[in-house]
Amino acid sequence: AGAVSTLSAVLPALIGFVVPIMPVLTIKLILAGTDVHYAMAVMTVLFSVMILSAAHRLNDTIREALVMKHRQRVSNEIIERQATFDPLTDLPNRRMLMDRLKQDLSRAVRHNHLGAVLFLDLDDFKAINDTLGHLRGDRVLADVAKAISQSCRDIDYTARFGGDEFVVIMSHLNDHAEVYSVVEKIIASVSRPMNLGEIDVQVTTSIGISIYPNDGDSPSALLKNAE
């Protein structure tokens, strides 16, 4: 938007240049009183009109091109976000999760540190969808996602794996106690009753754990061992 505003100043700049000079020049030519000077005065006026008209068209063209470029960039950003983030929970999706886990696993091997993968599966979530409807089920998933994220460390990575399954990547562990502490916080936070307007819903979650690089040498192996 800033670039559009900057380049759209072409027209005012040309007006500021042409308007003060051309009238003075035209008047001087007219006052000269000869046919040649009259003709030059007319040509000066026509030339001024042509310059301003061309500047106006150029200004519009530049503005339209920049607006289209800005819209395309915004559209690309939206498409990219839709491809990498879950629209319901606003968490990274499975694609982003696999990329991040691959990177963290490589770093863990390279720097000889431990990490953990937590695989969360909501218990009997299908019953919530069947009895309360998918709209309320989606609200529960969104609340669960928030509860999981708030229970983790700042450096942890929470993603929606799909359906009612979530994954947390815990990197740079000092010891296993850190994992158990986060697991306890998640279980407690997720199990708190959620208000859906006229009713309260309580869910529980099962959590599987794999420690990397000990429990797997690939993202798929770590996830499988954590299920």
Side-chain angles (χ1 to χ4, degrees), residues 70-110 113-130 132-173 178-179 182-183 185-192 194 196 201 203-213 215-227:
H70 174 71
R71 288 175 178 171
Q72 184 64 43
R73 180 175 61 81
V74 172
S75 177
N76 290 339
E77 289 174 353
I78 292 173
I79 293 172
E80 176 63 21
R81 183 166 184 82
Q82 289 174 341
T84 54
F85 282 81
D86 173 54
L88 176 62
T89 62
D90 206 31
L91 291 177
N93 61 15
R94 185 183 302 200
R95 171 185 165 187
M96 289 283 283
L97 167 71
M98 300 302 283
D99 288 345
R100 177 62 178 262
L101 186 52
K102 182 178 180 180
Q103 294 171 16
D104 277 17
L105 179 57
S106 296
R107 281 194 291 266
V109 172
R110 187 165 58 250
H113 66 71
L114 296 178
V117 174
L118 312 182
F119 194 98
L120 293 80
D121 186 8
L122 300 186
D123 302 325
D124 298 321
F125 181 74
K126 184 177 182 298
I128 294 177
N129 273 336
D130 292 342
L132 301 180
H134 288 278
L135 184 60
R136 285 175 174 157
D138 286 349
R139 289 180 58 187
V140 170
L141 289 174
D143 286 348
V144 166
K146 186 179 297 184
I148 294 171
S149 297
Q150 292 175 346
S151 302
C152 296
R153 305 173 304 170
D154 290 340
I155 64 173
D156 295 336
Y157 190 83
T158 305
R160 185 183 181 192
F161 193 69
D164 60 346
E165 297 173 335
F166 299 86
V167 173
V168 177
I169 302 175
M170 299 182 63
S171 58
H172 300 284
L173 292 176
E178 284 186 281
V179 180
V182 169
V183 167
K185 289 178 181 178
I186 292 174
I187 291 174
S189 182
V190 169
S191 63
R192 293 192 186 101
M194 302 177 188
L196 300 182
V201 174
V203 297
T204 57
T205 182
S206 300
I207 303 178
I209 304 171
S210 65
I211 304 297
Y212 61 84
D215 292 337
D217 58 1
S218 69
S220 57
L222 289 171
L223 290 167
K224 182 178 180 180
N225 290 330
E227 289 184 7

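Because the structure is a prediction, the values reported are computed rather than measured.
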The single option from Ile148, Thr158, Val167, Val182 that satisfies side-chain contact (heavy atoms from CB on, under 4.5 Å) with Leu118 is Val182
Any sub-3.5 Å donor-acceptor pair from [X]'s side-chain atoms to [Y]'s backbone N or O?
| X | Y | value |
| --- | --- | --- |
| Arg95 | Met98 | no |
| Ser189 | Ile186 | no |
| Asn225 | Asp215 | yes |
| Thr205 | Asp121 | yes |
| Asn93 | Met96 | yes |
| Asp86 | Thr89 | yes |

How far apart are the C-alpha atoms of Gln150 and Lys185, what are their side-chain angles, what is the distance that settles it, and do they pass the side chain to side chain contact (heavy atoms under 4.5 Å, CB included) test? CA-CA 9 Å; Gln150 292 175 346; Lys185 289 178 181 178; over 6 Å; no
Side-chain contact test, heavy atoms from C-beta onward, threshold under 4.5 Å: evaluate it for [X] versus [Y] and give yes or no.
| X | Y | answer |
| --- | --- | --- |
| Asp164 | Val203 | no |
| Leu173 | Arg153 | yes |
| Tyr157 | Asp104 | no |
| Val117 | Ser210 | yes |

Give a yes-or-no answer on whether the side chains of Ser206 and Asp123 include a donor-acceptor pair shorter than 3.5 Å. yes
Please report the shortest heavy-atom distance between [X] and [Y], naming the atom on each side.
| X | Y | value |
| --- | --- | --- |
| Ala145 | Phe166 | CB-CE2, 3.9 Å |
| Ile211 | Ala116 | CD1-CB, 3.7 Å |
| Gly137 | Ile128 | CA-CG2, 4.4 Å |
| Pro213 | Leu114 | CD-CD2, 4.1 Å |

[atom1]-[atom2] distance between [X] and [Y], expressed to the nearest 0.5 angstrom:
| X | Y | atom1 | atom2 | answer |
| --- | --- | --- | --- | --- |
| Arg100 | Ser171 | CZ | OG | 6.0 Å |
| Leu141 | Met194 | CG | CE | 9.0 Å |
| Phe85 | Leu91 | CZ | CG | 8.5 Å |
| Asp156 | His172 | CG | NE2 | 10.5 Å |

Is the count of non-hydrogen atoms from other residues, nucleotides or ligands lying under 6.0 Å from Arg71 atom CZ greater than 12? no
Do the side chains of Lys102 and Asp99 get close enough for a salt bridge, i.e. N-O under 4.0 angstrom? no
Counterpart residues, side-chain hydrogen bond (donor to acceptor under 3.5 Å, both in side chains), relative to Lys126 (two or more places apart): Asp130
